[in-house]
Amino acid sequence: MSGGGHAAAKAGAHARHKRGGHDEEEHENHERWLVSYADMMTLLMVLFIVLFAISQVDQKKFAELKNGLAVGFGNPSVAFNGGESSLLESSDSDSPMDLSSGIGGTTSDATAIQDAVAAKERAQAAQRQAAAQREVANFDKIQQQITAELAKHGLADQVRFSIDERGLVVTVVTTGIVFNGNEAVLLPAGRAIIDGVGPAISALPNKIEVDGHTNQLSGGTGTYPSGWELSTARAASVLRLLHTHAGIPETRLMAAGFADTRPLYPTTDPQAAERNRRVEIIVLSNLPADTRALLPSAAEN
């Protein structure tokens with residue numbers, strides 16, 4: 001091959017090599033961004049799928065939660081019927097979370113739960129009222145027993161009965177036949193009254209409180225310098241007789257003196273001097289405090 005032909009062939013080969021290298025560089029630069037773009041699109045697609053999935057409320061699980069709460073609050077009207085919730089029969093599609101209802105679902109769902117709570121509260125109130133009425137009925141039986149026993153001795157008019165939030169209150173008016181003036185020793189008639197009260201309350205599980213009260217005329221004479229000591233001593237005398245004669249355990253008995261701080265009648269009333277001077281034997285109710293508060297109203301019915 002001549003020198004000119006060899007040079008031409010060499011130049012052509014060099015040109016082809018240069019052209020081939022240029023093509024490879026252009027192909028690599030054009031395809032590199034596609035990989036990053038595809039990765040980004042894949043991540044975005046996964047993100048939107050996750051967001052869509054967590055934005056949906058599982059209607060079945062929500063229905064189970066709602067009806068579980070409803071049954072717990074005592075409203076069977078929203079319980080499952082054949083495995084389906086009657087409150088959700090009108091809607092077959094998933095509903096998004098409703099923040100205004102506090103739980104999720106529609107406003108009617110929140111209203112149903114509120115109604116269930118109200119129904120539970122009404123049922124509890126009815127139970128408390130029924131318990132208070134039963135307690136009053138038991139107190140009435142005790143009152144009848146005491147009255148019948150005292151009537152045998154002509155002393156029924158010496159005792160009054162009432163029911164307050166503490167329980168049954170048996171009030172013994174401490175006239176001259178029960179205690180001498182400014183004294184705390186029970187007279188024979190007073191002992192007969194306490195003996196008539198004791199058997200009716202001795203077998204009860206209730207605790208017994210004995211409260212002593214004096215009137216505004218009590219003063220410091222002799223043994224007791226004030227109404228505090230006198231009222232407390234009279235309460236203790238009654239308590240001691242309930243223990244020794246009626247056999248009521250000491251653990252069920254307590255005594256307190258209030259002097260003239262809790263009058264039944266104002267000092268301007270003509271009956272104040274006589275009626276405020278008293279000893280109260282209280283059969284304390286064992287009911288909870290919220291139920292005991294209903295005792296006065298139950299006694300009036």
Side-chain angles (χ1 to χ4, degrees), residues 127-128 130-150 152-153 155-156 158-174 178-179 183-214 223-224 226-262 264 277-296 298-299:
Q127 291 174 356
R128 289 194 295 269
Q133 291 174 347
R134 289 193 298 269
E135 187 83 329
V136 168
N138 293 333
F139 288 155
D140 287 341
K141 293 178 181 179
I142 297 171
Q143 177 179 338
Q144 292 171 8
Q145 294 176 20
I146 295 174
T147 302
E149 185 64 27
L150 293 178
K152 297 177 182 178
H153 305 280
L155 297 171
Q158 296 296 316
V159 173
R160 297 195 308 273
F161 300 91
S162 61
I163 295 175
D164 60 21
E165 65 278 359
R166 297 173 296 174
L168 175 64
V169 181
V170 183
T171 301
V172 181
V173 180
T174 56
V178 180
F179 291 106
E183 294 294 334
V185 178
L186 281 164
L187 298 175
R191 297 172 66 90
I193 292 173
I194 305 308
D195 286 341
V197 174
I201 63 176
S202 61
L204 300 176
N206 308 63
K207 291 184 178 297
I208 308 298
E209 179 178 335
V210 183
D211 293 347
H213 302 268
T214 59
T223 308
Y224 305 103
S226 73
W228 294 105
E229 291 86 354
L230 178 59
S231 61
T232 303
R234 285 176 173 173
S237 293
V238 172
L239 180 147
R240 186 167 57 253
L241 199 63
L242 289 173
H243 172 59
T244 57
H245 282 208
I248 300 176
E250 295 176 340
T251 54
R252 287 177 49 206
L253 295 168
M254 63 190 77
F258 295 94
D260 60 347
T261 60
R262 297 186 180 182
L264 295 178
R277 180 177 177 237
R278 67 197 189 276
V279 171
E280 294 177 341
I281 303 172
I282 307 161
V283 181
L284 299 175
S285 174
N286 292 327
L287 295 175
D290 56 351
T291 306
R292 291 200 306 270
L294 302 175
L295 290 174

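One-based numbering along the sequence shown.
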Return the [atom1] to [atom2] distance between [X] and [Y], rounded to the nearest 0.5 Å.
X	Y	atom1	atom2	answer
Asp290	Arg128	CG	CZ	5.0 Å
Leu253	Ile208	CG	CD1	7.0 Å
Leu287	Arg134	CG	CZ	8.5 Å

Would you sort out whether Ile142 and Leu204 count as a side chain to side chain contact (heavy atoms under 4.5 Å, CB included), showing the intermediate values? CA-CA 10 Å; Ile142 297 171; Leu204 300 176; 3.3 Å; yes
Only one of Arg292, Lys207, Glu165 forms a side chain to side chain contact (heavy atoms under 4.5 Å, CB included) with Ser285, so which one is it? Arg292
Of Val169, Val170, Ile282, which is the lone residue that meets side chain to side chain contact (heavy atoms under 4.5 Å, CB included) with Ser162? Val169
Could you walk me through whether His245 and Ile194 satisfy the side chain to side chain contact (heavy atoms under 4.5 Å, CB included) test, starting with their C-alpha distance in whole Å, then the side-chain angles of each, then the deciding distance to 0.1 Å, before giving a yes or no? CA-CA 9 Å; His245 282 208; Ile194 305 308; over 6 Å; no
Pairwise side-chain contact, [X] with [Y], heavy-atom cut-off 4.5 Å (strictly under):
X	Y	result
Thr171	Phe161	no
Met254	Leu284	yes
Ile281	Leu242	yes
Ile193	Leu186	no
Leu239	Ile248	no
His213	Leu264	no
Val178	Val173	no
Leu150	Gln158	no

Between [X] and [Y], which heavy-atom pair has the shortest distance, and what is it?
X	Y	result
Ser231	Phe258	OG-N, 3.4 Å
Phe139	Leu295	CE1-CD1, 4.5 Å
Gly212	Ala235	N-CB, 3.6 Å
Val136	Ala298	CG2-CB, 3.8 Å
Tyr224	Ala184	OH-CB, 3.3 Å
Thr291	Ala131	CG2-CB, 4.0 Å

With no hydrogens and no angle check, just 3.5 Å: does a side-chain donor-acceptor pair link Glu229 and Thr232? no
Side-chain donor or acceptor of Arg252 paired with backbone N/O of Ser202 under 3.5 Å: yes
For the pair Thr174 (side chain) and Arg277 (backbone), establish whether a donor and an acceptor sit closer than 3.5 Å, ignoring hydrogens and angles. yes
Using a 6.0 Å cut-off, check whether atom CZ of Arg262 has over 12 heavy atoms from anything other than its own residue.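 Atom CZ in Arg262 is not packed in, count stays at 12 or less.
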Going by side-chain hydrogen bond (donor to acceptor under 3.5 Å, both in side chains), name the pairs with one or both residues in residues 136-145, residues two or more places apart or in two chains. none
Test of understanding: with salt bridge (Lys or Arg N to Asp or Glu O under 4.0 Å), list the residues that count as partners of Asp164, not counting sequence neighbours. Arg166
Using the test side-chain hydrogen bond (donor to acceptor under 3.5 Å, both in side chains), find all partners of Asn206 that sit at least two apart in sequence or belong to another chain. none
Using a strict cut-off of less than 4.0 Å between a Lys/Arg side-chain nitrogen and an Asp/Glu carboxylate oxygen, indicate whether Glu280 and Arg278 qualify as a salt bridge.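 Answer for the salt bridge query: yes.
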